[in-house]
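Shown next, in structure tokens, is the structure this report addresses.
Letters A, B, ... mirror the listed sequences (proteins, then strands); counts begin at 1. Below, all heavy atoms of this structure are taken into account, side chains as well, without hydrogens, waters or symmetry copies.
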Number of protein chains: 2
Amino acid sequence: MSAFSESETGNGRGNGSATKIQEKNRGRILEAAFSEFAQFGYRGARIEHIAAAAGMSKSNLLYYFGSKKDIYKAVLADLLDIWLAPLRTLDPEGDPREELSAYINQKIELSARYPEASKLFANEVMQGAPMIGDVLEGSLKALVDEKAQVIRTWAANGKIRPVDPHHLIFMIWATTQHYADFATQIRALTGTGIEEAEFRKSAEETVASIVLDGVVARQG
Amino acid sequence: MSAFSESETGNGRGNGSATKIQEKNRGRILEAAFSEFAQFGYRGARIEHIAAAAGMSKSNLLYYFGSKKDIYKAVLADLLDIWLAPLRTLDPEGDPREELSAYINQKIELSARYPEASKLFANEVMQGAPMIGDVLEGSLKALVDEKAQVIRTWAANGKIRPVDPHHLIFMIWATTQHYADFATQIRALTGTGIEEAEFRKSAEETVASIVLDGVVARQG
DNA sequence: GCTCGATTTGACCGTTTGGTCAGGTTTTAC
DNA sequence: GTAAAACCTGACCAAACGGTCAAATCGAGC
């Protein structure tokens, strides 16, 4: 695992810079919390489970993060960084087919590498986004509005068929995240999953081909 | 609300057939439990919330369903009936374009009418399907295998492009359920949602057109 | 090797939760 | 109308939970 940052939220006493031990333990906690929150949601998660998974006592965990909500906030902050990165790379100047294809692949890779991030995000949103509602309405909306305009421009220039940008984005989110969120179901039905390279490749190809052939005029 | 059946699971004492009162109260409980479990997941759900929402005391609720797990099981049993119905109607004899289009529309209608069912199903699966794992591997797998064969036959007969049936089914599930599961995000980004007829219609049209144009040769 | 702050722990507390129980009230059957 | 069964409730319980705290331990700088 990687990509877990600091996310200042009251460790032991008011301090300046983080020590090596702090860095290590905060990382462990966030990693463990990620799994726990992803699997059980905020209310279902148990602080003691997280502590055990992080290899420390509950008391010590609460020395680093003052409360359950603090841990959750820190985890979500890290999550959003990871989760929204691919959309930012959608380039208005690029070829729509290549851009969308790359975006789909990035999202699937992300679902494969951080399946728990996907589940955690889904969980938070499904509960009404009590913690990240402002982010959704603020910076995410701004980002999506911007990229929707990119898609509209592509359509106006005849590079893709006219299509509602929001629905297109939702489709890509839905299909790619599905492989992480519903991994259990997929494994039950196919005997494999996105963790395995072969299946991941076929998922990427099928999703990309259907979406692209649906949105962009066929090129072959 | 409707479509809540009995789902025998230990009411007060060993009995034969259900009374009017039983029918009414079990229905209320299942309805309330549906919302609660959908929003908070199994562990996050609170028995007392369900009782309050059903307009009765916690003790009385436990008179009808012996334990939290019993309620959850009953809710899931009802859920599966509702949730898997549309796929059964996929007709091998029908026109692929019409069949898939109808299936997509049915799934979106279902997401619009029972958004909580969608969330509940997602929640259960995201936690590893501890309660319905056997159903997924058993009757659902059988159903999906059957319908996958239908899709393969369509492809073999040149009625649709060759496409992995599983991925196609997952795409339809993902896109249609997304409108229920991520309703909060969708509302934050678009200001509307699948509950509203206009938006639902545009969702149906966009999803259907992209999927169909991606899978079936264009007919325009 | 001493000191002082950072780190860690176990004991503890108040609250919440799922579930039980004895007994009261209502409905049903005759 | 009355007895039995069905229904309902409030008081109660044990376990689990999030969180506090005093005290023990560790580690870097001198």
Side-chain angles (χ1 to χ4, degrees), chain A residues 6 8-30 32-33 35-37 39-76 127 130-131, chain B residues 6 8-30 32-33 35-37 39-76 127 130-131:
Chain A
E6 357 61 41
E8 304 299 339
T9 326
N11 71 329
R13 322 301 165 199
N15 68 334
S17 56
T19 63
K20 271 272 179 263
I21 295 181
Q22 266 181 43
E23 202 175 320
K24 183 192 69 180
N25 282 345
R26 282 175 165 271
R28 279 192 189 169
I29 293 169
L30 288 176
S35 310
E36 180 78 3
F37 283 125
Q39 201 176 352
F40 301 113
Y42 177 73
R43 291 173 68 167
R46 295 291 111 104
I47 254 184
E48 201 148 13
H49 285 188
I50 299 173
M56 68 183 68
S57 68
K58 187 182 63 169
S59 306
N60 200 26
L61 182 149
L62 285 165
Y63 168 74
Y64 287 100
F65 293 88
S67 73
K68 187 181 183 181
K69 190 171 276 184
D70 280 349
I71 311 173
Y72 189 61
K73 280 182 189 172
V75 165
L76 283 180
Q127 288 183 21
M131 223 69 195
Chain B
E6 358 61 42
E8 304 300 338
T9 324
N11 70 329
R13 321 300 165 202
N15 69 332
S17 56
T19 63
K20 270 273 181 261
I21 294 181
Q22 265 180 44
E23 201 174 321
K24 183 191 69 179
N25 282 345
R26 282 175 164 272
R28 280 190 188 171
I29 292 170
L30 288 177
S35 310
E36 180 78 3
F37 284 124
Q39 203 176 350
F40 301 113
Y42 176 73
R43 292 173 66 166
R46 296 290 108 106
I47 257 185
E48 200 146 15
H49 285 188
I50 299 173
M56 68 184 66
S57 68
K58 187 181 65 169
S59 305
N60 199 26
L61 181 149
L62 285 164
Y63 169 73
Y64 287 100
F65 292 89
S67 71
K68 187 181 183 181
K69 190 171 278 186
D70 280 350
I71 311 172
Y72 189 61
K73 281 183 189 170
V75 165
L76 282 180
Q127 288 181 22
M131 223 68 195

- Check the distance between D:dC17's C1' and B:Arg43's CZ and give it to me in whole angstrom. 11 Å

- Message: Of the options C:dG19, D:dC17, D:dG19, whose atoms approach the side-chain atoms of B:Lys68 most closely?
- Response: C:dG19

- Query: For the residue pair B:Tyr72 and B:Tyr42, does the interplanar ring angle fall in the parallel (under 30°), tilted (30 to 60°) or perpendicular (over 60°) class?
  - Reply: tilted

- Send over the distance from A:Lys69 NZ to D:dC17 P, rounded to a whole Å. 19 Å

- Query: Does a side-chain N or O from A:Gln22 land closer than 4.0 Å to OP1 or OP2 of C:dA6, or not?
  - Reply: no

- Rounded to the Å, how far apart are B:Glu48 CD and C:dT15 P? 16 Å

- Task: Measure the shortest side-chain to side-chain distance between A:Leu30 and A:Phe65 over non-hydrogen atoms and say whether it is less than 4.5 angstrom.
- Result: yes

- C:dT7, C:dT27, D:dC17: which one has an atom nearest the side-chain heavy atoms of B:Ile21? C:dT27

- Task: Measure the spacing between CD1 of B:Ile21 and OH of B:Tyr64 and express it to the nearest 0.5 Å.
- Result: 6.0 Å

- Would you indicate what A:Ala51 reaches in the nucleic acid, counting non-hydrogen atoms under 4.0 angstrom: base, sugar-phosphate, or nothing? nothing

- Query: Counting side-chain heavy atoms from CB outward, which of D:dG18, D:dC8, C:dT20 is closest to B:Tyr63?
  - Reply: D:dC8

- Can you tell me how far CE of A:Met56 sits from CD1 of A:Ile50, rounded to the nearest 0.5 angstrom? 11.0 Å

- Output the residues of residues 52-61 of chain B in contact with DNA chain C, where contact means a heavy atom of the residue under 4.0 Å from an atom of the strand; sort by number or write none. B:Lys58, B:Ser59

- Message: I need the CD1-P distance between B:Ile71 and C:dT17, as an integer number of Å.
- Response: 14 Å

- Task: Could you grab the distance from atom CD of B:Glu36 to atom CZ of B:Arg46, nearest 0.5 Å is fine?
- Result: 8.0 Å

- Task: Return the value, rounded to whole Å, for the distance between atom CD1 of A:Ile29 and atom P of C:dT7.
- Result: 11 Å

- Check whether any side-chain nitrogen or oxygen of B:Arg46 sits under 4.0 Å from OP1 or OP2 of C:dG18, and answer yes or no. yes

- How many angstroms lie between atom CD1 of B:Ile29 and atom NZ of B:Lys24, to the nearest 0.5 angstrom? 11.0 Å

- Message: Tell me the interatomic distance from B:Glu23, atom CD, to D:dC7, atom P, rounded to whole angstroms.
- Response: 12 Å

- Query: Roughly, in whole Å, what's the span from CG in A:Leu62 to P in D:dT20?
  - Reply: 7 Å

- Message: If I take atom OH in residue B:Tyr64 and atom P in nucleotide C:dG18, what distance separates them, rounded to the nearest angstrom?
- Response: 20 Å

- Note on the structure: Rounded to the nearest 0.5 angstrom, the CG-CD1 distance for B:Leu61 and B:Ile71 is 4.5 Å

